[in-house]
Amino acid sequence: EIDALPKPGTELVYRRPANQGQPTWLLEVSSAGYAALRLGSGQAIRFPPGCDVGSQFRRWAEALIGSRDYVLLLVRPSGIDFAEPTRLILEERHITFGLDFIGEDQSVHDAAATDRKPSAAKGERQP
């Protein structure tokens, strides 16, 4: 989870699209910096604000591969000033991306990290 403290009614759940085989990253942008989470990993990588040459975010973005990775950019109101430079960096790297504006108080949940097989009904055996 990117935000470890979900508030009632403010949780956003992201799942990998069924027809998408490439690795999917959620990239949250706020005044606190960046949080990158590969769907299914359950663990966010955090970077301080800033995307200048040599920044932690820029180094992370340079490791992405355009033909392999997909990034969903999640921009909070406090991170709006970083949205455009972040978008430009992804475009320069030829990274396929989507853009979603989210609320400052919304928590982001990685459904792929918590998907489990349904438990067996009472008296049934699990395979």
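Not measured: the values here are computed from a predicted model. We're numbering straight along the sequence, starting at 1.
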For [X] and [Y], work out which heavy atoms get closest and say how close.
X     : Y     : answer
Gly42 : Leu37 : C-CD1, 4.2 Å
Gln56 : Pro48 : OE1-CD, 3.2 Å
Gly79 : Val29 : O-CG1, 3.6 Å
Ala36 : Phe47 : CB-CE1, 3.9 Å

From [X] [atom1] over to [Y] [atom2], what is the distance, rounded to the nearest 0.5 angstrom?
X     : Y      : atom1 : atom2 : result
Ile95 : Leu64  : CD1   : CG    : 4.5 Å
Leu90 : Leu73  : CG    : CG    : 6.5 Å
Leu72 : Asp100 : CG    : CG    : 6.0 Å
Leu74 : Ile102 : CG    : CD1   : 5.0 Å

Go through the structure and list residues passing side-chain contact (heavy atoms from CB on, under 4.5 Å) with Ser78, not counting sequence neighbours.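 With sequence neighbours excluded, Ser78 shows a side-chain contact (heavy atoms from CB on, under 4.5 Å) to Ser30, Ser31, Arg76, Glu104, given in chain and number order.
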With sequence neighbours left out, what residues match Phe57 under ring-ring contact (aromatic ring centres under 6.0 Å, His included)? Tyr34, Trp60
Indicate yes or no: at least one non-hydrogen side-chain atom of Val71 is less than 4.5 angstrom from one of Thr96.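 No, their side chains stay 4.5 Å or more apart.
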Same cluster for Trp25 and Phe101 if Ile/Leu/Val/Met/Phe/Trp/Tyr side chains link at under 4.5 Å? yes
ILVMFWY cluster, Ile65 and Leu27 together (side-chain gap under 4.5 Å):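 No; tracing contacts between hydrophobic side chains, which count when under 4.5 Å, never links both residues.
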Only counting residues at least two apart or in another chain, list the ones meeting salt bridge (Lys or Arg N to Asp or Glu O under 4.0 Å) with Arg93. none
If you look only at pairs with a residue in residues 49-64, which of them pass as a salt bridge (charged side-chain N to carboxylate O under 4.0 Å, His left out), with sequence neighbours excluded? Arg58-Glu92
With Glu91, which residues qualify under side chain to side chain donor-acceptor pair (under 3.5 Å), at least two apart? Arg87
